[in-house]
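Just so we're on the same page: letters track the sequence lines, and every chain starts at 1.
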Amino acid sequence: VETDKRSRDLTRAFRVGPDRLSQLHDRLAATAQQYRVLDTASRTIDSPAGPLLIAATDPGLIRVAYAREGHDAALQALADKSSPAHLARPRTPGHDRPRARGVLRRPPVQLRPAAALAAGRLVPPRDAEPPARYRPRAPA
Amino acid sequence: MTGKHPFEAIVSAHGSTVLRVCRAVLGPADADDAWSETFLSAMKSYPDLPADANVEAWLVTIAHRKAIDVTRAAARRAIPVAETPDTATSPAADDAVPDTAAELTQALAKLPAKQKQAIAYHYLAGLPYAEVAAIIGGSADAARRAAADGIAALRRSYPGTPALKGAPGGNGQAIP
């Protein structure tokens, strides 16, 4: 009981506001995009049919889900089928530059389509070279 | 089939706990960077994490290593000054109880590293002492003693926190 009370009081003293967490999330998503850590990225957009979840991987768009399907369930299905390394796109602008140290200091690389999607571009640039593993193999 | 939640859910579920731990161990100035590095590193290795792993203990372990890195880096770039500020850097405005947090952070900063870590990992992350010991080294009993001694020291240096009033620690025995 004493431990629970002490934990509660210390947790209250170190309270984390939702805005700060949201900022950190956005910074993490932007940095993960930039440094190619994300396997899938998603964003939710408004549409005449209601909110749509749009998710993409390297090759491009992989999932569009209506709200009635349950966006969380759709993301869970994607995590089960492909990779759980997924983040939602930054929810607020202005977090494009990583500020953390260490691994974040590696030089920036060109965004993958998934990252481009997460950054707000639904279609990769026309001249974008597909990653090597998605290029057709030369005949033997 | 990975059987795991999307990493987004992991950030949502454990983000605030990891940030509290980073603040308690490092102080507010370096906590944000440590948080970001913790989750970036975690995201890289998350696909390989066993599905039944204790995610919170795993995240705290990563945060612990990042905190060590941050502390070492800060020591390398530390510049001597004539006077130090009277108060620690306050958390963001939306993080309530800033005075309490700042004062408590200052009091925590004065504790030996193991005591500070034991308090953060046990009381803020909710890890059992066996897990705390696995992270900071030593036995579960030693982790319990470190937390008890830390709470007792906090009670002496910072008696204003409700959490510390009546804390029976100090001899390494009484804190459950």
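Linking Ile, Leu, Val, Met, Phe, Trp and Tyr whenever their side-chain heavy atoms come within less than 4.5 Å puts Trp58(B) and Val11(B) in one cluster. Leu26(B) and Ile68(B) end up in different hydrophobic clusters when Ile, Leu, Val, Met, Phe, Trp and Tyr side chains are linked at under 4.5 Å. By the rule that hydrophobic residues join a cluster once side-chain heavy atoms approach within less than 4.5 Å of another member, Ile62(A) and Val37(A) end up as members of separate clusters. At a threshold of 4.5 Å between side-chain heavy atoms, the hydrophobic network of Ile, Leu, Val, Met, Phe, Trp and Tyr places Met43(B) and Leu21(A) in one connected group. Note on Leu19(B) and Val55(B): same hydrophobic cluster, where clusters join Ile, Leu, Val, Met, Phe, Trp and Tyr whose side-chain heavy atoms are under 4.5 Å apart, directly or indirectly.
Side-chain contact between His25(A) and Glu8(B) is present, with heavy atoms from C-beta onward closer than 4.5 Å. Looking at Asp32(B) and Gln23(A), their side chains never come closer than 4.5 Å, going by heavy atoms from C-beta outward. Side-chain contact between Leu24(A) and Ser36(B) is present, with at least one heavy-atom pair separated by less than 4.5 Å. Two residues are said to be in side-chain contact when any heavy atoms from C-beta on lie closer than 4.5 Å; Leu10(A) and Ile119(B) meet this criterion.
Heavy atoms of Ala24(B) lying under 4.5 Å from chain A belong to its backbone as well as its side chain. Looking at Leu108(B), only its side chain comes within 4.5 Å of chain A, counting heavy atoms on both sides.
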Show me the donor-acceptor pairs, under 3.5 Å and distance only, between side chains in residues 65-73 of chain A and residues at least two apart or in other chains.
from: Glu69(A); atom 1: OE1; to: Arg63(A); atom 2: NH1; distance (Å): 3.3
from: Glu69(A); atom 1: OE1; to: Arg63(A); atom 2: NH2; distance (Å): 3.2
from: Glu69(A); atom 1: OE2; to: Tyr66(A); atom 2: N; distance (Å): 2.7
from: His71(A); atom 1: NE2; to: Ala65(A); atom 2: O; distance (Å): 3.3

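From Arg36(A), atom CZ reaches atom NZ of Lys44(B) across 13.0 Å, with rounding to the nearest 0.5 Å. In this structure, CG on Leu40(B) lies 6.5 Å from OG1 on Thr31(A), to the nearest 0.5 angstrom. Taken from CG in Leu75(A) to NE2 in His5(B), the straight-line distance is 12.5 Å, to the nearest 0.5 Å.
In plain terms, the two heavy atoms of Ser83(A) and Pro47(B) that are nearest each other are OG-CG, 4.4 Å.
Ranking Phe7(B), Trp35(B), Phe39(B) against chain A, the residue ahead of the rest is Trp35(B), based on heavy-atom pairs under 4.5 Å.
Looking at residues two or more places apart in sequence or on another chain, you find a side-chain hydrogen bond (donor to acceptor under 3.5 Å, both in side chains) between Glu56(B) and His14(B).
Ion pair Arg27(A)/Asp33(B) flagged as a salt bridge, since at least one NZ, NE, NH1 or NH2 atom sits closer than 4.0 Å to an Asp/Glu carboxylate oxygen.
With hydrogens and angles disregarded, a donor-acceptor distance shorter than 3.5 Å links the side chain of Gln76(A) to the backbone of Lys4(B).
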